[in-house]
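Reading through the structure tokens given below for one structure.
Since the model is a prediction, treat every value here as computed from it, not as a measurement. Scope of the values below: all heavy atoms of this structure, side chains included, with no hydrogens, waters or symmetry mates.
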Amino acid sequence: MPVPVPRQRGVPLAETHRGSAGASATSTGGSSTGGSSTGGSSTGGSSTASTVGGSSAGGDLTLLVIEDDPAGTFTVPELLDAAGTRVRIRSARNLTEAERLLTDDVHCILVDLALPSAAGQDALGPLKHVLRLAPRHAVLALTTSGDAERAAEAVRVGAQDHLFRDELDGRLLSRAVRYAVERKRADAAQVKLAESRLRAQENARLERGLLPTPLLQGSDLRFAARYRPGRSRALLGGDFYDTVRTPDGTVHAMIGDVCGHGPDEAALGVELRIAWRALTFAGLCGDELLSTMQQVLEHERESEEIFATLCTVDIAPDGRRAGLYLAGHPAPLIARQGRAAHLLPYEDGGPALGLLPRARWPRRQVELGGAWSLMMYTDGLIEGRQGPDTKQRLGQDGMVEMINRQLAAGLEGESLLEAAVSEVRDLNGGELTDDVAVLLLSRNGTPRR
């Protein structure tokens with residue numbers, strides 16, 4: 001036969017002071033006597049507050065009982081189970097008193113389903129009110145064994161479990177409280193995980209939307225690109241690139257790198273790319289375009305230490321020549337049919353954007369020829385190590401040698417870029433820490449009709 005929980009004294013535990021575990025408190029005219037509080041009280045004495053829904057120091061738990069039994073069902077200030085966990089008990093006669101006693105050190109709430117409902121509320125109105133009031137707390141429903149249907153409905157609307165008053169004893173109550181708190185904690189962790197996954201999916205969609213779509217309709221050039229951000233679990237870094245064809249038939253290509261590779265640098269890179277596309281379609285080019293880009297950078301950057309390197313080319317409509325501008329950026333690599341790939345001249349480049357207020361960037365004329373491939377890249381491709389057992393950087397010379405070896409193996413387009421990025425990562429002995437962007441424009445020498 002179950003042992004009933006002793007009846008609760010008239011004064012709520014939250015208004016009493018207790019001594020150490022196992023000591024009893026005596027109520028006199030609504031006030032209590034005894035030692036200082038050990039933390040179960042919300043008024044008087046210090047409290048051992050914990051995160052809402054978590055366990056307090058030492059594994060102790062606090063239960064807030066809201067019941068409509070005038071005689072009271074719970075009279076002991078705490079329970080001690082076989083595992084040594086103490087369950088401190090507070091009681092409230094109605095929802096208004098419960099709100100006052102619902103402090104941060106409460107871990108579980110036991111709601112009597114016999115509480116009177118407000119006008120227009122259903123029979124579970126008080127329980128639903130508690131669930132709204134304490135969304136991060138574990139909640140138990142208390143009813144009689146003859147009301148099993150309403151007990152099951154209470155769990156369906158959000159309670160962690162239900163208890164029958166006529167079957168209740170101290171051991172069952174303490175175990176139910178511990179299980180309810182753990183279930184609530186597991187539910188909260190599952191919700192946080194789902195929210196984290198949803199945010200990751202939304203961020204991925206946003207970052208994919210910010211990556212460029214080349215506008216080359218009407219051009220006989222082939223386009224390929226590879227992008228690998230240095231940030232873990234990110235799709236976008238501080239590197240940026242774009243390619244467009246203007247109405248006069250000129251193909252404009254650009255690649256750049258904002259110093260750093262965090263989310264702020266990624267956002268600035270997107271702003272610079274969009275500014276470049278808008279300015280290019282507006283007819284700006286060369287030194288005028290780069291000066292305007294520098295103004296955009298200076299207005300959008302967080303500090304004066306932020307700068308960006310940039311490489312732009314404008315390829316003539318016949319595809320046989322191009323203009324090259326370098327702003328502190330590595331020179332592109334060109335591969336012509338029947339000849340080894342090599343770097344374009346870079347001696348006359350200008351400074352990176354954001355370093356000098358009135359900088360100038362000279363234009364270099366480049367003869368491309370009939371069939372060629374032009375590869376533009378960021379320094380993430382050349383700053384990895386030459387091998388896992390050395391600290392020496394790959395550098396531009398090492399990159400040129402690697403590309404020539406892959407060209408000799410018959411690779412081109414997407415396959416060439418994929419092989420290049422994969423080999424650089426393998427040589428480094430693991431993932432690259434910097435962002436990597438590579439862009440390849442190719443012409444086979446046969447003009448489009």
Side-chain angles (χ1 to χ4, degrees), residues 8 12-15 39-43 47-56 60-70 72-74 87-144 147-165 168 173-199 202:
Q8 172 73 5
L13 182 70
E15 297 175 1
S41 169
S42 64
T43 61
S47 65
T48 309
S50 65
T51 303
V52 176
S55 295
S56 61
D60 296 345
L61 300 173
T62 300
L63 172 68
L64 174 60
V65 179
I66 313 173
E67 64 169 343
D68 191 37
D69 184 356
T73 303
F74 303 89
V87 179
R88 293 188 287 260
I89 300 175
R90 299 180 188 174
S91 64
R93 293 180 293 273
N94 51 56
L95 295 176
T96 302
E97 187 175 350
E99 288 191 36
R100 180 173 61 83
L101 299 179
L102 185 59
T103 53
D104 283 351
D105 57 333
V106 172
H107 303 91
C108 185
I109 305 172
L110 180 62
V111 183
D112 186 356
L113 297 186
L115 286 171
S117 300
Q121 279 190 338
D122 58 30
L124 294 177
L127 173 66
K128 294 177 180 179
H129 177 83
V130 170
L131 291 171
R132 289 192 300 269
L133 180 66
R136 293 183 293 169
H137 287 73
V139 176
L140 294 169
L142 179 66
T143 186
T144 62
D147 201 8
E149 184 175 344
R150 185 160 60 152
E153 180 68 10
V155 174
R156 190 190 69 78
V157 300
Q160 271 61 59
D161 203 351
H162 64 266
L163 297 172
F164 294 132
R165 185 189 299 273
L168 192 62
L173 176 62
S174 61
R175 184 175 60 196
V177 170
R178 283 191 290 111
Y179 288 177
V181 169
E182 291 303 321
R183 278 195 294 271
K184 186 63 178 180
R185 182 184 294 125
D187 292 344
Q190 190 65 31
V191 169
K192 289 182 180 179
L193 179 61
E195 291 174 348
S196 177
R197 288 174 176 169
L198 180 60
R199 284 195 298 269
E202 291 174 347

Exercise. Do you know which two heavy atoms are closest between Leu163 and Ala176, and how far apart they sit?
Worked result: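 Of all heavy-atom pairs spanning Leu163 and Ala176, the closest is CD2-CB, 3.7 Å.
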Exercise. Looking at Cys108 and Ala180, what are the two nearest heavy atoms and their distance?
Worked result: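 In this case the closest contact between Cys108 and Ala180 is SG-CB, 4.3 Å.
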Please examine the side chains of [Y] and [X], heavy atoms only from C-beta on, and report whether any two atoms are closer than 4.5 Å.
X	Y	result
Leu124	Arg150	yes
Leu127	Leu113	yes
Phe164	Thr144	no
Leu140	Val177	yes
Asp122	Lys128	yes
Leu95	Pro126	yes

Hey, could you give me the [atom1]/[atom2] distance between [X] and [Y], rounded to the nearest 0.5 Å?
X	Y	atom1	atom2	answer
Arg165	Leu110	CZ	CG	8.5 Å
Asp112	Thr143	CG	OG1	7.5 Å
Thr96	Ile66	OG1	CD1	10.5 Å
Asp60	Asp105	CG	CG	11.0 Å
Leu142	Leu168	CG	CG	6.5 Å
Ile109	Leu133	CD1	CG	7.0 Å

Problem set entry | Partner set under ring-ring contact (aromatic ring centres under 6.0 Å, His included) for Tyr179, not counting sequence neighbours |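 Tyr179: no ring-ring contact (aromatic ring centres under 6.0 Å, His included) contacts found.
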For this session: Please list, chain by chain and in numerical order, all residues satisfying salt bridge (charged side-chain N to carboxylate O under 4.0 Å, His left out) with Asp161, sequence neighbours excluded.
Result: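 Asp161: salt bridge (charged side-chain N to carboxylate O under 4.0 Å, His left out) contacts with Arg183.
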Exercise. Salt bridge or not for Glu67 and Arg93, using N-O below 4.0 Å?
Worked result: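 Salt bridge between Glu67 and Arg93, a charged N being under 4.0 Å from a carboxylate O: no.
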For this session: May I ask you to decide whether Lys192 forms a salt bridge with Glu195, counting only side-chain N to carboxylate O separations under 4.0 Å?
Result: no
Exercise. Is it true that a side-chain atom of His137 and a backbone atom of Val106 form a donor plus acceptor pair closer than 3.5 Å?
Worked result: yes
Exercise. Does the pair Val139 and Val111 meet the rule for a side-chain contact (heavy atoms from CB on, under 4.5 Å), with working shown?
Worked result: CA-CA 7 Å; Val139 176; Val111 183; 4.0 Å; yes
Exercise. Side chains of Thr103 and Arg90: is there a donor and an acceptor less than 3.5 Å apart?
Worked result: yes
For this session: List the steps and the verdict of side-chain contact (heavy atoms from CB on, under 4.5 Å) for His107 and Arg178.
Result: CA-CA 9 Å; His107 303 91; Arg178 283 191 290 111; over 6 Å; no
